[in-house]
Peer 1: 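Following this message is one structure expressed as C-alpha cells.
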Number of protein chains: 2
Amino acid sequence: MEHAERLLAAAGELFYRRGIRAVGMDDVRAASGVSLKRLYQCFPSKEALVVAYLERRDERWMGSLTSYVAEHGGSAEAVFGWLERWFAEDGFRGCGFVNAYGELGATSEAVAEVARRHKRRLRDYLRGLVADDLLADQLLVLVDGATVTAMVDPERATQAARAAGQAARALMTAREK
Amino acid sequence: MEHAERLLAAAGELFYRRGIRAVGMDDVRAASGVSLKRLYQCFPSKEALVVAYLERRDERWMGSLTSYVAEHGGSAEAVFGWLERWFAEDGFRGCGFVNAYGELGATSEAVAEVARRHKRRLRDYLRGLVADDLLADQLLVLVDGATVTAMVDPERATQAARAAGQAARALMTAREK
DNA sequence: TATCGTAGAGAACGACCGTTCTCCGGAGCA
DNA sequence: TGCTCCGGAGAACGGTCGTTCTCTACGATA
C-alpha cells in the first residue's frame with residue numbers, strides 16, 4: 001500500500017479520536033510505520049496532513065451516507081437511520097469537521113475552508129433529497145444537531161437520532177400538503 | 001477577589017475566540033494584567049482555569065437565553081430569536097462547550113463533564129418550555145444544529161436560525177393536535 | 001530605622017512539538 | 001570487491017508551553 005494512504009489512515013484515526021493538536025507528527029509516524037522523512041515528503045507540513053485528512057474524511061463520510069441512503073429507498077428519512085448506526089460505532093466522537101473547525105478554524109484558513117466545503121456539500125446532497133431549500137436547511141440543522149448531542153452525551157445518542165428523524169418526517173409531511 | 005474575575009474575563013475571551021490549546025497561560029496573564037504567580041494562586045492549573053471558564057460561560061449563556069425568552073413571552077419560539085441575535089454578535093464562534101469538548105473531551109474528563117452538564121441543563125430548560133420529552137429533544141437538536149451551521153458557515157447563520165425556528169414552530173403546532 | 005512578609009516581573013526549567021539533519025546499512029551495478 | 005545512491009532511524013534544533021523559582025521593591029509594624 002502506498003505511503004500516503006497508510007499515513008492518512010493512521011492520522012485520520014488519531015486526529016479524530018484525540019483531537020488534532022493532541023497528536024504529534026511522531027505519533028503519526030509511529031502509528032503508520034512510515035518514516036518521518038517520507039512523511040514530510042508526502043505532506044510538507046502538519047497543516048497539509050490535516051487538510052488531506054479532512055478531504056479524505058469528507059469523501060468517505062459522504063460516500064458512506066449516500067450509498068446507505070441509496071440502498072434504503074433514497075428518502076431523506078434514511079439519513080437518520082444512517083446517523084443512528086454511525087453514532088453507535090466504536091470510537092464515534094462527533095463530526096470531525098466541526099471538531100477541526102473549533103480547534104483550528106480561528107488559526108488556519110485552510111482548515112476552515114475545507115470544513116465549510118464539507119458542510120456545503122452535505123447541504124447540496126440533502127437538497128437533492130427534498131423538495132425545497134428551507135427543508136434542506138432544516139435537515140442539515142437536524143443532522144448536525146443530532147451529531148453534537150450524540151458526541152457530548154453518548155447515552156442520548158440514539159435518542160437524538162430518532163428525535164431528529166421523527167422531526168424530519170413531520171416537517172416533510174407537513175410540507176407536502 | 002477581583003483577580004479571579006479579571007482572569008476569567010480575559011481567559012474566556014481568548015479561549016472562545018482562538019480555541020483553548022492555542023492560548024497560553026502567558027497570554028492570559030498579558031490580557032488580564034494579573035501576574036502569573038497570582039494566576040496560579042487562583043487556578044492551580046490550566047485545566048482548572050478551563051473548567052472555571054466553562055462554568056462561568058454556562059451561567060452567563062443560560063442567563064442571557066432565559067431572560068431573553070422570559071421577556072419575549074416565554075415561548076420556545078423566542079429561543080430562536082435569541083439564537084439569531086447571538087449568531088450576529090461580533091466574535092461569535094459557535095458553542096464554546098462543543099468546541100471545548102472536541103478539543104479536550106478525549107483528554108480531560110473534567111472538561112467533558114462540564115460540557116455534558118451544560119447540554120443537560122439546556123435540555124432541562126427547553127423541557128420546561130414545551131409539552132413533552134420528544135419535543136424537548138428536538139428543540140435541543142435544532143439549537144445545536146443551527147449553532148454549528150452558523151459557526152462553520154457564517155453567511156448562512158441567520159438563515160439557519162430562521163430555518164430552525166420555523167421547524168420548531170411546525171413541530172409544536174403539529175404536536176398540539 | 002530595622003525587619004519582615006508579600007507581591008510582581010520575569011528568568012528558569014523540563015517537557016514536548018514541528019521540522020530538519022546526520023549517520024549508517026543495504027541494494028544495485030560495474 | 002568497491003562505489004554510489006537511497007531510505008530509515010533517530011538525534012538535533014529552535015520554539016513554545018505549563019509551571020516553578022528567584023530577585024527585587026515596597027508597605028506595614030515595632
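Just so we're on the same page: letters track the sequence lines, and every chain starts at 1.
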Peer 1: Between atom CG in A:Asp26 and atom P in D:dA9, what is the gap in whole Å?
Peer 2: 11 Å
Peer 1: For residues B:Cys42 and B:His3, report the shortest heavy-atom separation together with the two atoms involved.
Peer 2: SG-CB, 4.2 Å
Peer 1: Base, sugar-phosphate or nothing for A:Val23? Non-hydrogen atoms, less than 4.0 Å.
Peer 2: sugar-phosphate
Peer 1: Nearest to the side chain of A:Leu36 - C:dT19, D:dA9, D:dT19?
Peer 2: C:dT19
Peer 1: Can you check whether B:Arg21 has a side-chain N or O nearer than 4.0 Å to OP1 or OP2 of D:dC17?
Peer 2: no
Peer 1: Can you tell me the distance, in whole Å, between the NE2 atom of B:His3 and the P atom of C:dT6?
Peer 2: 16 Å
Peer 1: Side chain of A:Met25 only, please: which of C:dT19, D:dG18, D:dG8 is the nearest?
Peer 2: C:dT19
Peer 1: Of the listed nucleotides (D:dG8, C:dT19, D:dT19), which one gets closest to any side-chain atom of A:Arg38?
Peer 2: D:dG8
Peer 1: C:dG18 P sits how many Å from A:Phe43 CZ, rounded?
Peer 2: 15 Å
Peer 1: Contact between B:Val34 and B:Val28 at the side-chain level, heavy atoms closer than 4.5 Å - yes or no?
Peer 2: no
Peer 1: Considering only side-chain heavy atoms of B:Ser35, which listed nucleotide, D:dT19, C:dG8, C:dG18, is closest?
Peer 2: C:dG8
Peer 1: Do A:Glu103 and B:Asn99 have a side chain donor and acceptor closer than 3.5 Å?
Peer 2: no
Peer 1: Would you call the rings of A:Trp86 and A:Phe92 parallel, tilted or perpendicular, where under 30° means parallel and over 60° means perpendicular?
Peer 2: perpendicular
Peer 1: Quick one: which of D:dG18, C:dT20, D:dT20 gets closest to the side chain of A:Tyr40?
Peer 2: C:dT20
Peer 1: Tell me the interatomic distance from A:Ile20, atom CD1, to C:dG18, atom P, rounded to whole angstroms.
Peer 2: 12 Å
Peer 1: Assuming nearest nucleotide by heavy-atom distance, tell me which of B:Gln41 and A:Asp27 is located more 5' along DNA chain C.
Peer 2: B:Gln41
Peer 1: Between P on C:dG18 and CD on A:Glu47, what's the gap in Å once rounded to a whole number?
Peer 2: 13 Å
Peer 1: OP1 or OP2 of D:dG8 versus the side-chain N and O atoms of A:Lys37: is any pair under 4.0 Å?
Peer 2: no
Peer 1: Rounded to the Å, how far apart are A:Phe15 CZ and C:dG18 C1'?
Peer 2: 12 Å
Peer 1: Report the C-alpha distance between A:Ser108 and A:Glu47 in whole Å, list the side-chain angles of each, state the deciding distance to 0.1 Å, and finish with yes or no for side-chain hydrogen bond (donor to acceptor under 3.5 Å, both in side chains).
Peer 2: CA-CA 8 Å; A:Ser108 162; A:Glu47 191 184 39; 2.5 Å; yes
Peer 1: Once you round it to whole Å, what is the distance between P of D:dG8 and CG of A:Leu39?
Peer 2: 11 Å
